[in-house]
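Below is one structure, written out as structure tokens; the observations come after it.
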Amino acid sequence: MTALIRPAVSLFLLLSVLTGILYPLAVTGIAQTLFPVTASGSLIVRDGRPVGSALIGQSFTDPKYFWGRPSATAGQPYNGAASGGSNLGPLNPALVEAVKERIAALKAADPDNQRPIPGDLVTASGSGLDPHISPAAAAYQVGRIARARRMEVERVAILVARNTEGRQFGLFGEPRVNVLALNLALDAEDGLADSMRP
Amino acid sequence: MMPHAWTILGFYLLVLLLAAKPLGSYIANVMEGRPILALRLGGGLEAGLYRLCGVKRDEEMGWLRYALAILLFNLLGALAVYALQRLQVWLPLNPQQLANVSPDSAFNTAISFATNTNWQGYAGESTMGHLTQMLGLAVQNFLSAATGIAVAVALMRGFARHSASTIGNAWVDLTRVTLYLLLPIALVYAVFLVSQGTIQTLDGYQEVTTLESGPASVAPQTQTLPTGPVASQEAIKMLGTNGGGFFNANSAHPYENPTPLTNIIQMLSIFLIPAALCLTFGRIVGDVRQGWAVLAAMTVLFVVMAVVAMSVEQQSNPLLTSLGIDGSAGNLEGKETRFGSAESALFATITTLASCGAVNAMHDSFMPLGGFVTLWNMMLGEVVFGGVGSGLYGMLVFAVMAVFLAGLMIGRTPEYLGKKIEAHDIKMVSLTILVTPLLVLTGTALAVTLPAGVAGVANPGAHGFSEILYAFTSAANNNGSAFAGLSANTPFYNILLGIAMWFGRFIVIVSVLALAGNLAAKKRIAANAGTMPTHGPLFVMLLIGTVVLVGALNYVPALALGPVVEQLMLQSAH
């Protein structure tokens, strides 16, 4: 037994240095050299200051912005310091109640919209930070945005189309729209229109 | 199941099997010390490590010495992780000044990572400093994976050798797996993940002002963006079937698993080494057909479970569709838009079969039958692909059980790979197979009887019972995923689950090594007309039957109280 202690301790320490210090530092060095933007969190910078990350969703409540998915993160929605889902079971009455409330909020903001609400718009994501909604969920909101911003419906729909990604390589994942990117594009388009008004 | 789901499943299997074959041969070459390029390149480093550690490369160990070495090495790992958590506030690389972890939580996490379970009672982004993550948790991601593979190779040697008293050198096996298999793949993999959006930085968290912020807005004005050396940890988390997320949301978090491409690669990397090891086994015992037979049994079981899970999760929750929503995209509660219901259900099947435990969707919010699949996958004993190394040694134990059952049926002494299976072997096999159900069912029974156990439940009714059953199933089988609604970061669960993880891992490892030692000592007997071939479809079916039967018989009553009741309630509710 005692003959095993020296190799056990020294091998453990040496492999720890190799896999716990040298390896992560090497990856950090390579990553920050080759992919500095993604390695640091894919920040979106507008007017010289970061307004968020292209990968992390934000909470939107104003009718003039596209809303993302409900977020179950602790403290506040889309809390980047506390990722997580609701963990509500499929039969939990609290889940049904929450979905009812979300349906009511969407209808209140757009009473004339008779289309069925896409499921992703009323269910919380696993991370609570989901940056995307489905193209159907974006299409559902186009009318409300156009009205709130006094834009033509077609112009909003074009922005949605421009910000829609298909399956990656046509094969992996699901088609999706990045909500923060779309809202930034919406602000930019709207601002441009404002500046052109007499 | 929709066409897209079939396409993804087919693509997955194709790439997995194509990659497993060369990797299986490579691992065999590495573990047998053949003069391949990698060993010549790393030879200097390897020899240097042995010199510093006083290891003699050619000194072989008997099974007991091998087991003691493994236990000692893993005990040191657990102690180091415990110490780093308890001291992190005074150590460097903790930019958020996160507090020292409580003793019971640190105990649980230390055991969890040393046993390749990676059950997480804590939330990473608010608990662990960068140093604890990289020098504590990520190191164990490497070393617990290396442990599993070393033990599997030792068992292969037990079958391959005859009239021998030794099964290899634990130090050499651990070193070679780390240097030539895990580190090089993890390095390339981590850089790929960063190219897709996984973060890799040692800086502190960043605060941004949100787009909607302003005096009129009710939305949060600022958002904290977490940071850390994520990609380097993510790579080995998947490759070593560890599964412990850097962040609480694990592979659902966009900073861990940013795109559908990283998602499919993450799924592939879970099964990659377990699949390759089947073929390594074939090579080492000198009959590649034996390896393919084991791999075939695993693949059949996997495809069945994947098809069930994907079909179920692609249906939406009828309680929600009755409110008038469009449920055509399936059950999306707890799932990410970029992955959708099909690729989330596939991920869940893979991660629970493989004792990985990483999640890209919250299993607690799966439909009752979807949750049933994830639970039952773990209950099969984590032998269908299973953890790296542990899946194969578990499956080989089932193979011995299968030939034993067949021997009983026809009244002949059972043999496997030229080795007569005798009483001592069957005792070790029975111990291996029975220890986890014992831990799972005793732990669950304790938790549902004691107030401290019931207090953790988040969902009412049968689902609450499933949360507790899931926790002990996950811990004792070293999976690590959760029905995460359960509040498990309490002294009660931290200690009880810690015990289940430790014994679920190491009783199995010691009895597997004892089996290996006993097999190595046996003479090889020549096959004759009465020998049952163990490389054909008959044996594959027998192996599948044994795994399913043992899994079913142990757990049917418990499952009936959880997901089965829940499914019946769902059907009566609408």
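In what follows, every chain begins at residue 1, and chains take the letters A, B, ... in the order their sequences are listed.
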*Looking only at non-hydrogen atoms, find the nearest pair between B:Ala252 and A:Gly126 and report the distance.*
CB-C, 4.2 Å
*Output the option from B:Asp326, B:Val208, B:Thr337 having the highest count of non-hydrogen pairs under 4.5 Å with chain A.*
B:Thr337
*Nearest 0.5 Å, what's the OG1-CG distance between B:Thr175 and A:Leu11?*
4.0 Å
_Side chain / backbone / both / neither for B:Ala482 at chain A, heavy atoms under 4.5 Å_ = neither
*Among B:Phe366, B:Tyr50, B:Phe483, which has the most heavy-atom pairs under 4.5 Å with chain A?*
B:Phe366
*Side-chain heavy atoms of A:Leu15 within contact of B:Val139, under 4.5 Å*: no
*asked:* Testing the basics here: between B:Asn459 and A:Gly89, what is the closest heavy-atom pair and its distance to 0.1 Å?
replied: OD1-N, 2.8 Å
*Identify the heavy atoms of A:Val27 and B:Ala190 that sit nearest to each other, and give their distance.*
CG1-CB, 3.8 Å
*Which residue out of B:Leu261, B:Thr201, B:Val218, B:Leu183 racks up the most heavy-atom pairs below 4.5 Å with chain A?*
B:Leu261
*Engaged part of A:Leu129 at the chain B interface, taking heavy atoms whose separation is under 4.5 Å*: both
*Give, for atom CZ of B:Arg338 and atom CZ of A:Phe172, the distance between the pair rounded to the nearest 0.5 Å.*
15.5 Å
*Closest heavy-atom contact between B:Gln206 and A:Leu43?*
OE1-CD1, 3.2 Å
*Of all heavy-atom pairs between A:Pro93 and B:Pro460, which one has the smallest distance, and what is that distance?*
CD-CG, 4.2 Å
*Report the distance from atom CG of A:Leu25 to atom CD of B:Gln200, rounding to the nearest 0.5 Å.*
9.0 Å
*In sequence, state the C-alpha distance, the side-chain angles, and the governing distance for A:Asn87 and B:Glu467, and then conclude on side chain to side chain contact (heavy atoms under 4.5 Å, CB included).*
CA-CA 10 Å; A:Asn87 286 311; B:Glu467 287 181 338; 5.6 Å; no
_For a 4.5 angstrom cut-off between non-hydrogen side-chain atoms, does A:Leu18 reach B:Leu179?_
yes
*CZ on A:Phe35 to CD on B:Gln196, rounded to 0.5 Å*: 9.0 Å
*asked:* Treating B:Asn317 as the side-chain partner and A:Pro90 as the backbone partner, does any N or O pair qualify as donor plus acceptor under 3.5 Å?
replied: yes
*Is there a donor-acceptor pair closer than 3.5 Å between any side-chain N or O of A:Tyr78 and the backbone N or O of B:Gln223?*
no
*Based on non-hydrogen pairs under 4.5 Å, which of B:Gln96, B:Glu343, B:Glu125, B:Met362 is most in contact with chain A?*
B:Glu125
*asked:* If I take atom CG from residue A:Leu55 and atom NE2 from residue B:His253, how far apart are they, to the nearest 0.5 angstrom?
replied: 10.0 Å
_For chain A, the option from B:Phe247, B:Phe339, B:Tyr255 that forms the most heavy-atom pairs under 4.5 Å_ = B:Tyr255
*How many angstroms lie between atom CZ of A:Arg176 and atom OG1 of B:Thr259, to the nearest 0.5 angstrom?*
7.5 Å
_Toward chain A, the part of B:Leu225 with a non-hydrogen atom under 4.5 Å_ = side chain
*asked:* Heavy-atom pairs under 4.5 Å with chain A: which of B:Leu211, B:Leu76, B:Ile264 has the most?
replied: B:Leu211
_When you compare the side chain of A:Phe12 with that of B:Leu143, does any pair of heavy atoms fall below 4.5 Å?_
yes
*Please flag which part of A:Ile103 lies under 4.5 Å from any non-hydrogen atom of chain B: side chain, backbone, both or neither.*
side chain
*B:Asn248 side chain to A:Ser83 main-chain N or O, any donor-acceptor pair under 3.5 Å?*
yes
*Using a cut-off of under 4.5 Å on heavy-atom pairs, state which of A:Ser53, A:Ser16, A:Ser127, A:Ser134 scores highest against chain B.*
A:Ser127
*Note, B:Leu202 side chain near A:Pro24 side chain (heavy atom, < 4.5 Å)*: no
_Nearest atoms (heavy-atom pairs only) where B:Ile8 meets A:Leu171_ = CD1-O, 3.4 Å
_Portion of A:Ala81 that has a non-hydrogen atom of chain B nearer than 4.5 angstrom_ = both
*Return the option, out of A:Gly85, A:Ala72, A:Pro116, A:Ala3, with the maximum number of heavy-atom pairs under 4.5 Å with chain B.*
A:Pro116
*Which bit of A:Arg115 is near chain B, if near means a heavy-atom gap under 4.5 Å: side chain, backbone, both or neither?*
neither
*If you check every heavy atom in residues 159-170 of chain A against those of chain B, which residues fall under 4.5 Å?*
A:Arg167, A:Gln168, A:Phe169
_Quick check for you: among A:Leu91, A:Val51, A:Asp120, A:Ile21, which has the greatest number of heavy-atom pairs under 4.5 Å with chain B?_
A:Leu91
_Side chain / backbone / both / neither for B:Ala484 at chain A, heavy atoms under 4.5 Å_ = both
*For B:Ser365 and A:Leu88, indicate whether the former's side chain and the latter's backbone hold a donor-acceptor pair under 3.5 Å.*
yes
